[in-house]
Amino acid sequence: MGIITDVRRDNGESERAGRIDLVGEVLQDVGNEVAAVVSAPGEYVFRAFTKFFEFIGESSILLTRTVRFILAGRIDLRDTVNQMAFIGVASLPIVLVTVAFSGAVLSLYMSQLGVRWGFGGYTGGVIGLSVARELGPVLTAVVVTARSGSAIAAEIGTMKVTEQIDALRALAVSPVQYLVVPRLIAAIVMLPVLTIFSDIIGTVAGYLVAVVNGVAGGGYVSSLKSQVLPSDVVKGLVKTLFFAVVIVIVGAQQGLRTTGGATGVGRSTTSAVVISIVTIYILNFFLAYVMFGGKTAFL
Amino acid sequence: MIRAIQLSYRVGNKTILNYLDLAVEKGETLAVMGMSGAGKSTLLKCIGGLIRPTFGAVEIDGVDITRMKESELDAVRVKIGMVFQYAALFDSLNVYENVSFGLRRHKLMSEEEIAEVVRTRLAIVGLPRTENLMPAQLSGGMQKRVGLARALALDPEIVLYDEPTAGLDPITSAAIADLIVKTRNELGVTSMLVTHDIATIKRVASRVAMLHSGKIVAVGTVEEMEDHPNPIVRQFITGSGEGPIRITE
């Protein structure tokens, strides 16, 4: 009995010791990172800038090459249609669910406050504008990034580490023409289409929630008609063209620079999603500022 | 036919190829042997136009391909078939689509003619009636044979093999080696393979080159290499743990 207790104690202690070792290692890594930043801030900043400019340079070259192939008409229609189905049609359900519930929750707050303070009649206009200008385009782009941007990086990354990209080049086939061109065209065509569906479902979901919360249905629709101009919808769709370029070019760029097997593919996929989403949000601000900014924005 | 002149390749501070000179004559099969990590695959990719050397030239039929634009290189790549270490088959395409890939992309012939080329190439590599199988359904040896069929589909003048028997059992390795000989004899291609598999080298190579420390340290027939005065070559051929080559942890 005594021996068993001792063994159990030993096991517990070694388990604890293992955990302490692990915590120690993590703390050491964090310490090293902090030490690197504190002791050599210049070098740290320099490395970060180098990586940033590498990314900008590679993405610009990739985009230029892709556009050059498109302008030269070197487009594979079958591959493009397949990508349109993957990026567009297959993304539709998840895009609809995401934007519908976002429109619904926005309408929930808006209609409750509106009914309480007497501006419930504006709910349709506010929801419509929010969805057409921001929620529809941005959420659609984010969902497509999560679903298709990650897939682009993972697929191209896997092809890179298994030498399939080299095999393409050995067969005198440009990886940019074969892999990036169809995806870019598909995203540029399908993102606005998805956004149109998003705009409709977001506004309809907002309507249902507003009516349940006591806003008059007719008032919602008339406010929507008077506040949301066709140009709001069109400008929202124009934004998605920029987002489409970001999703595909970042995904492909991260995929094509993948090294290091399965770990590398995972790293590229994560980077592609993070970089794309951050870029989309930053870009969205500037596009909104240019398209909807200024004193006359809400007139 | 193939000439590497003062070929150098560096990554950061690491020198992979160090002013290397090598020639492959038309119709011969040259095997480049060397330790793992010696730069054999890098050499092959430089010759195949897949990576640009840091310095030096690669001449194919007297034309330096290292200074060519990507579009010009494509015309050379069509003349070179490449068989990759792990086959590198396109995993979303079936065997037929893999073998016909280059022909279809370059629109070189009608679909009927393409089907005939695929059939004959698969017959050469001993895999008839496998057209509808996906790469995941094939064994390692079968994948390499499909990779060879794909490389042969464009009717190349040169075939480059990167570790053609790596990861295969001795019997499958021998079958692949025989296939390399058969390909050379039937299609008259110039072949270059990089490998550290001595049995394969003895089976296929008309000449052997030893790559060590980024340079070709010896070239000769298999018999000449077996009795070579250079102790590095002798140690490699005999697989001895004693000699100038030391494995460092």
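Note on naming: letters A, B, ... go to the chains in the order of the sequence lines (proteins, then strands), and numbering restarts at 1 for each one. Keep in mind the model is a prediction, meaning the values are calculated, not measured.
When heavy atoms are compared at a cutoff of 4.5 Å, A:Leu168 approaches chain B by way of both its backbone and its side chain. Interface residue B:Asp162: only side-chain heavy atoms are found under 4.5 Å from chain A. Neither the backbone nor the side chain of B:Leu73 comes within less than 4.5 Å of any heavy atom of chain A.
Listed options B:Val76, B:Val78, B:Asp91, B:Leu160 were ranked by heavy-atom pairs under 4.5 angstrom with chain A; first place goes to B:Asp91. Across A:Arg169, A:Gln177, A:Glu155, the residue that shares the most heavy-atom pairs under 4.5 angstrom with chain B is A:Arg169.
Counting heavy atoms of neighbouring residues, nucleotides and ligands inside a 6.0 Å radius, atom OH of B:Tyr96 exceeds 12 of them. Counting heavy-atom neighbours within 6.0 Å of A:Arg68 CZ, excluding the residue itself, gives a total of 12 or less. Within a 6.0 Å sphere centred on CZ of A:Phe86, heavy atoms belonging to other residues, nucleotides or ligands number more than 12. The number of heavy atoms from other shown groups lying within 6.0 Å of CZ (B:Arg67) does not exceed 12. The number of heavy-atom neighbours closer than 6.0 Å to CZ of B:Phe101, taken from other residues, nucleotides and ligands shown, is above 12.
Interatomic distance, B:Leu89 CG to A:Gln164 CD, rounded to the nearest 0.5 Å: 8.0 Å. If you take CG on A:Leu171 and CD1 on B:Ile80, they are separated by 12.0 Å, rounding to the nearest 0.5 Å. Here CZ of B:Arg104 is found 10.5 Å from CG of A:Asp76. Values are rounded to the nearest 0.5 Å.
Heavy-atom minimum distance, A:Ala170 versus B:Met82: CB-CB, 4.0 Å. Here the closest non-hydrogen pair linking A:Asp166 and B:Leu50 is O-CD2, 3.7 Å. Closest approach of A:Glu163 and B:Ala88 over heavy atoms only: O-CB, 3.6 Å.
Between B:Phe90 and A:Tyr178, the ring planes lie tilted relative to each other; the angle falls in the 30° to 60° range.
With respect to the salt-bridge test (charged N to carboxylate O, under 4.0 angstrom), the residues A:Asp79 and B:Arg105 qualify.
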